[in-house]
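These notes concern the structure reproduced below.
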Amino acid sequence: MRNPAFTAFSLLLVFAVSWSTLVVYNQMTVGQLEAVTEQPLEAGDSSIGHSLHPGLPAGFAEQGRKVYVSMGCVSCHTQQVRVGGFGGDAKRGWGRVSVPRDYIYEEWVPLGNRRVGPDLRNVGERITDVNEMHKHIYKPDSAVAGSLMPNYPFLYEVREIEGQESANALIFGISKHAPALGYEIVPTDRADQLVAYLMSLKLNYSLPEVPLQYLVNDK
Amino acid sequence: MIFLLIAAIEWLIISGIFALIASIKAHSPEFIESCEWFTYGRVQAIAHTAFIYGWACNAAFAIGIWLMLKLSGAKGCCVWITAVAGKFWNLGVFIGVVGILIGDMTTIEWLPIPGYAVPLLLVSSLAMCFWTFMTYFNREKDLSYISQWYILGAFLWFPLAIFGAQYMLFTDPVSGVVQSIGGWWYAASVYGLWLAPIALAAAYYFVPQVIGVKIFSYKSAKVAFWLWCFLVVFAGMRHLVGGPVPAWVQTSGVVASVMLLFPATLVCINLFFTSYGDGDIDKAIASPTVRFIFFGLFAFMMVTLLSAVAAIPEYSANIHFTYFEDGITQLALQGFIGLILFGSIYYIMPKLLDREWPCICLIKAHFWTTISGLFLVCATMFFAGWEQGYNSNQTAMSFGDITSGIVMPLRFYTGGVFLILLGQLAFAFNFYKILLGSCEGSKASDGPTIFPTAKSEYQ
């Protein structure tokens with residue numbers, strides 16, 4: 001190493017090049033995105049009276065996002081809908097393509113890197129029944145026969161029915177997963193929060209860069 | 001150094017056990033279902049964390065320190081710095097793993113540990129970096145070996161990567177998808193600027209050392225070094241192809257992944273001609289060190305090739321998000337990095353303790369179970385991933401049917417993981433035997449450990 005100073009500089013340059021371009025530059029551009037109205041405003045118009053998207057996270061759903069992260073759901077599910085023609089996202093009706101602005105309010109962005117299960121970015125539009133969503137988390141096999149998704153019984157409480165069945169008890173019908181006679185399965189707070197979060201996952205708003213009418217399977 | 005290797009092996013076994021549990025849960029969701037600590041997402045993250053930060057990093061520190069001392073001709077001033085740093089490192093990893101167990105994890109695949117564990121890792125890696133540069137600049141030999149380039153780079157870039165992660169993820173968090181870009185910047189830095197350089201430094205030292213030759217081409221080794229380190233972090237962006245990130249980020253990932261083939265090929269050709277030059281190839285085959293390193297280099301070439309293919313958008317559309325990517329990751333970590341670390345430890349332990357490995361049969365058991373387990377793991381992951389990807393892009397099958405259809409490959413995957421764990425246990429058992437000086441092992445030979453049938457030809 002004939003010139004230690006030059007070598008040290010070169011080694012630091014390796015770090016600096018990737019850090020400044022991939023992290024710093026992107027934070028200065030994509031990282032400064034803000035919520036906007038669905039349609040671009042005319043010059044001079046105020047955004048007052050218009051709803052901004054994406055919306056700020058609601059309290060119960062926001063707590064559910066923390067449950068989602070703590071359970072490691074990102075290890076099997078993505079939350080990014082790819083553009084039409086790139087994979088089967090559009091063919092499966094997973095919603096409009098995801099764009100960077102969709103994630104600006106997320107503390108831990110669950111883009112994910114694996115789809116053992118389906119993409120969840122728009123799952124609130126596909127599963128609208130709260131009981132079905134709870135069953136899917138408690139024992140996924142009860143909602144989708146043969147599902148390999150892990151069971152989360154520790155997010156639920158099996159208890160004896162006292163008097164009347166609880167209003168939020170899970171309804172199974174005739175199923176091997178139904179509780180024994182005289183017992184009910186009731187979600188804990190964390191299960192309710194997680195379901196609230198999943199039901200809130202909806203790509204049901206337009207953005208200037210990707211209007212809702214942009215049907216991804218047009219490509 | 002011994003402390004680092006003991007810690008490395010203990011974390012190796014822990015990661016193997018958690019990997020086995022995760023692999024069983026992948027096809028049997030009712031397995032340990034009642035315990036929240038063992039939910040799939042956390043078990044998978046712990047297996048990954050324990051392997052990278054527990055086993056690979058500890059072993060990489062130890063091997064990097066040993067190589068730097070050897071190549072510098074230094075007597076080892078202030079080695080206590082590395083011992084203290086090693087203890088802080090393992091404390092940080094332990095806190096991180098416990099944090100994942102209790103649910104304080106992140107969504108960053110290569111840094112799922114909570115933010116309160118990261119400063120410990122940063123401080124210890126900085127201390128290791130300080131000691132490495134101090135030892136290099138106090139060296140007694142004038143020459144600079146190619147391995148030293150890799151080690152200096154690795155020990156400098158690793159704390160920078162951890163500092164970058166600490167700053168952009170925890171201290172002053174970046175916004176939205178920049179977090180995902182930063183997460184893959186960090187992952188590519190840990191793999192390409194820390195673990196891979198240490199593994200390549202070991203290969204560049206041990207292969208010529210065992211065979212008794214010099215590196216075939218020092219110049220091409222330098223070219224490969226600089227090309228690799230400038231490209232590898234951008235190659236990490238291939239994991240974001242098709243995602244909600246700027247197009248130029250995705251394109252840089254594709255281009256860099258393909259261009260990485262050039263330095264990877266240069267490295268492999270260089271070591272191939274080094275081995276098949278004037279050296280004693282029979283001695284190489286008889287050395288467990290070179291056997292492990294040769295297979296590690298083969299895995300390195302395969303990983304680089306498969307990553308390049310997986311980056312190309314036409315293939316990424318099918319392969320991305322499937323078990324195929326897991327296969328590439330396992331080949332990179334268990335194959336490339338893991339095998340070279342094993343080979344290095346087989347060389348340096350007799351030198352450190354002045355004692356030969358007591359049980360050659362355990363070395364052979366370790367080698368064959370690891371190679372066959374790795375083959376099974378990768379073959380099943382590539383097959384399952386291809387099936388997943390193809391069926392996901394049609395609409396005929398529901399996702400439930402797609403995953404039901406790959407249950408059998410997932411069961412074979414568990415078999416592969418079990419074989420690898422057996423190999424790890426054989427290695428650990430042999431390691432403790434040489435450490436405790438049992439079996440009346442013979443004094444270390446001047447050269448590397450050689451399998452006995454070959455040894456008789458050399459005596």
Side-chain angles (χ1 to χ4, degrees), chain A residues 1 4 10-12 14-15 17-19 22-23 26-27 29-33 69-76 78 80 82-83 86-88 91-92 97-104 106-118 140-141 144-154, chain B residues 25-27 29-30 33-36 39-42 44-45 103-107 109 137 144 152-153 156-157 160 164 168 174-182 185 193 229-230 233-234 237 239 242-246 249 313 317-318 320-322 325-326 392-395 399-400 403-404 407:
Chain A
M1 219 172 283
S10 303
L11 293 177
L12 283 169
V14 167
F15 166 79
V17 164
S18 63
W19 170 259
L22 293 173
V23 180
N26 277 310
Q27 175 63 6
T29 51
V30 173
Q32 305 305 314
L33 289 172
V69 173
S70 90
M71 290 297 143
C73 302
V74 75
S75 59
C76 292
T78 58
Q80 48 174 305
R82 295 181 295 183
V83 74
F86 197 92
K91 288 183 219 168
R92 289 185 175 271
V97 62
S98 307
V99 292
R101 203 186 299 270
D102 291 324
Y103 304 88
I104 58 176
E106 313 224 3
E107 185 192 350
W108 286 111
V109 177
L111 277 192
N113 195 41
R114 200 170 291 107
R115 282 181 182 168
V116 185
D141 184 54
V144 177
S147 172
L148 294 183
M149 176 172 154
N151 302 330
Y152 295 88
F154 48 83
Chain B
K25 288 170 90 61
H27 54 75
E30 67 284 353
E33 65 174 11
S34 309
C35 181
E36 180 176 340
T39 192
Y40 176 81
R42 296 183 195 176
Q44 175 69 20
D104 283 351
M105 53 189 286
T106 70
T107 55
E109 187 166 324
F137 285 117
S144 283
L152 285 174
L156 175 66
W157 293 320
L160 285 174
M168 70 171 159
V174 292
S175 170
V177 296
V178 185
Q179 188 188 90
S180 302
I181 296 171
W185 169 90
L193 296 183
C229 62
F230 271 104
V233 180
F234 287 95
M237 298 303 114
H239 294 278
V245 297
V249 172
N318 288 322
H320 200 19
F321 304 142
T322 69
E325 291 279 3
D326 279 280
S392 298
N393 293 339
Q394 322 298 321
T395 50
F399 247 84
T403 42
S404 301
V407 167

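Proteins come first, then strands; the chains are lettered A, B, ... in the order of their sequence lines, and each starts at number 1. Note that this is a predicted model, so its numbers are computed, not measured. Only this structure's heavy atoms are used, side chains among them; waters, hydrogens and symmetry mates stay out.
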- Qualifying residues under side-chain hydrogen bond (donor to acceptor under 3.5 Å, both in side chains), relative to A/Asn26, sequence neighbours excluded: none

- Scored by heavy-atom pairs under 4.5 Å with chain B, the best of A/Cys73, A/Gly88, A/Ser70 is A/Ser70

- Task: Heavy-atom distances under 4.5 Å only: say whether A/Thr29 touches chain B with side chain, backbone, both or neither.
- Result: neither

- Message: Using heavy-atom distances under 4.5 Å, tell me whether B/Glu30 contacts chain A through its side chain, its backbone, both, or neither.
- Response: both

- If one checks every heavy atom of A/Leu12 against chain B at 4.5 Å, the contacting part turns out to be both

- When rounded to the nearest 0.5 Å, the distance separating CG of A/Leu148 from NZ of B/Lys25 is 12.5 Å

- Task: Return the minimal non-hydrogen interatomic distance between A/Val109 and B/Gln179, and the atom names on each side.
- Result: N-OE1, 2.8 Å

- Item | Worked check of side chain to side chain contact (heavy atoms under 4.5 Å, CB included) between A/Trp19 and B/Met168 | CA-CA 11 Å; A/Trp19 170 259; B/Met168 70 171 159; 4.1 Å; yes

- Determine yes or no for a side-chain-to-main-chain donor-acceptor pair under 3.5 angstrom, with A/Arg82 supplying the side chain and B/Pro244 the backbone. no

- In terms of heavy-atom pairs under 4.5 Å, which option from B/Ala45, B/Ser180, B/Gly153 contacts chain A the most? B/Ser180

- Query: Between the side chain of A/Arg92 and the main-chain N/O of B/Ser392, is any donor-acceptor distance below 3.5 Å?
  - Reply: yes

- Could you look at A/Thr78 and say if it's the side chain, the backbone, both or neither that has a heavy atom under 4.5 Å from chain B? side chain

- Greatest number of heavy atom pairs closer than 4.5 Å to chain A - which of B/Ala317, B/Gly41, B/Gly176: B/Ala317

- Note on the structure: Scored by heavy-atom pairs under 4.5 Å with chain A, the best of B/Phe230, B/Tyr40, B/Trp185, B/Phe234 is B/Trp185

- Note on the structure: Between B/Met105 and A/Val69, the two heavy atoms sitting closest are O-CG1, 3.3 Å

- Take B/Phe399 and A/Arg115 through the test side chain to side chain contact (heavy atoms under 4.5 Å, CB included) and record every step on the way to the result. CA-CA 9 Å; B/Phe399 247 84; A/Arg115 282 181 182 168; 4.3 Å; yes

- Note on the structure: Heavy-atom nearest pair, B/Asn393 first then A/Lys91, reads O-NZ, 2.9 Å

- Query: Heavy-atom distance under 4.5 Å to chain B: side chain of A/Gln32, backbone, both or neither?
  - Reply: neither

- Task: May I ask you to test the B/His320-A/Phe86 pair for a side-chain heavy-atom distance under 4.5 Å?
- Result: no

- Best-contacting candidate, A/Arg101, A/Met149, A/Arg114, against chain B by heavy atom pairs under 4.5 angstrom: A/Arg114

- Task: Using a cut-off of under 4.5 Å on heavy-atom pairs, state which of B/Leu193, B/Val177, B/Asp104 scores highest against chain A.
- Result: B/Val177

- When A/Pro100, A/Pro110, A/Cys76, A/Gly146 are compared by non-hydrogen pairs under 4.5 Å with chain B, the top option: A/Pro100

- Query: Taking every heavy-atom pair that is under 4.5 Å apart, which of A/Val116, A/Asp102, A/Ile104 has the most such pairs with chain B?
  - Reply: A/Val116

- Message: Which heavy atom of A/Met71 sits nearest to which heavy atom of B/Glu36, and what is that distance?
- Response: CE-OE2, 3.4 Å

- Item | B/Glu109: side-chain hydrogen bond (donor to acceptor under 3.5 Å, both in side chains) partners, not counting sequence neighbours | A/Asn113

- Note on the structure: If you tally heavy-atom pairs under 4.5 Å between each of B/Ser175, B/Gly400, B/Ser404, B/Gly243 and chain A, the highest tally belongs to B/Ser175

- Task: Counting only heavy atoms closer than 4.5 Å, note whether A/Val99 contacts chain B via side chain, backbone, both or neither.
- Result: backbone

- Query: Taking all atoms of both residues into account, what is the closest heavy-atom pair of A/Ser147 and B/Pro29, and its distance?
  - Reply: O-CG, 4.1 Å

- Engaged part of B/Leu160 at the chain A interface, taking heavy atoms whose separation is under 4.5 Å: both

- In short, B/Glu33 meets A/Phe154 closest at the heavy-atom pair O-CD2, 3.4 Å

- Message: Please identify, among B/Gly242, B/Pro246, B/Cys229, B/Cys35, the residue contributing the most non-hydrogen atom pairs under 4.5 Å to chain A.
- Response: B/Gly242

- Message: Let's test your reading of the structure: which of A/Pro118, A/Pro140, A/Gly112 forms the most heavy-atom pairs below 4.5 Å with chain B?
- Response: A/Pro118

- Query: Which bit of B/Val233 is near chain A, if near means a heavy-atom gap under 4.5 Å: side chain, backbone, both or neither?
  - Reply: both

